[in-house]
Amino acid sequence: TTITHAGQKIGYRFLVTNTGNVTLTDVTVKEGTFSGSGQLSAISCPTTTLAPQAHETCTATYTVTTKDLTAATLANTATASGSHGVSAASATVRSGPSTARVTITPPAATPPPSGSPHSGAGGGTASTGTDLSALVGIAAVLLFTGGLALAATRRRRGA
């Protein structure tokens, strides 16, 4: 009922009913339009003959592709047909086209693990791999040491 990921198998069932009063032969379901980017399997029907008022379910499968996940739905339109009579005057009957739509809901993006460089932890700034607090500490020690050396030099000159 819902597509969530690439590689997912979707099963299609086509209910075919002979609503007439004669037996149909060569019953098939033909693909009309299909919005998937991959290939739908061959449509398989249990029998090719349907008595009046009888029905059968034909099936096909599809494997969802990554490209399919960019659409909102996957649409499949098909038509059933069959023949009646045994002479050249035999007629083919066709159903109107029928369309099935499956909603595509791709999974939400998984957030990176907490504490990773891309997790947003630590105030929302990007991590560049450099610990700035260590550099600031070293700079402060150097400035303090330089200030002490300058003061000591001035004291010696003034004395």
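Model, not experiment: these values are computed from the prediction.
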Work out which heavy atom in [X] is nearest to a heavy atom in [Y]; give both atom names and the distance.
X	Y	answer
Pro52	Gly20	CB-O, 3.3 Å
Thr79	Pro97	OG1-CA, 3.7 Å
Ser41	Ala60	OG-CA, 3.4 Å
Ile104	Ala71	CB-O, 3.4 Å
Val102	Tyr12	CG2-OH, 4.3 Å

message: Looking only at side-chain N and O atoms, does Thr105 offer a donor or acceptor that is under 3.5 Å from a partner on Thr4?
response: no
How long is the span from the [atom1] atom in [X] to the [atom2] atom in [Y], to the nearest 0.5 Å?
X	Y	atom1	atom2	answer
Thr77	Phe34	OG1	CZ	10.5 Å
Thr92	His84	OG1	NE2	8.0 Å
Ile43	Arg13	CD1	CZ	14.0 Å
Leu50	Asp26	CG	CG	11.5 Å
Ile3	Asp68	CD1	CG	6.5 Å
Leu40	Thr61	CG	OG1	7.0 Å

- prompt: Would you say Gln53 has more than 12 foreign heavy atoms packed within less than 6.0 Å of its CD?
  reply: yes
query: Is the number of heavy atoms from other residues, nucleotides or ligands under 6.0 Å of His55 NE2 greater than 12?
result: no
- prompt: Are the side chain of Thr17 and the backbone N or O of Thr19 linked by a donor-acceptor pair below 3.5 Å?
  reply: no
message: Given 3.5 Å as the limit, does a donor-acceptor pair link the side chain of Asn18 with the main chain of Ala51, or not?
response: yes
message: Run Tyr62 and Asn76 through side-chain hydrogen bond (donor to acceptor under 3.5 Å, both in side chains) and show every step you take.
response: CA-CA 11 Å; Tyr62 178 69; Asn76 182 6; over 6 Å; no
query: Would Val16 and Val27 satisfy side-chain contact (heavy atoms from CB on, under 4.5 Å), going step by step from the backbone distance to the final call?
result: CA-CA 9 Å; Val16 180; Val27 174; 4.0 Å; yes
statement: side chain to side chain contact (heavy atoms under 4.5 Å, CB included) with Val29: of Ser95, Ser81, Ser44, Cys58, only one passes, and it is Cys58
message: Applying side-chain contact (heavy atoms from CB on, under 4.5 Å) to Val64 and Leu69, what does each step give before you reach the verdict?
response: CA-CA 8 Å; Val64 176; Leu69 298 177; 4.1 Å; yes
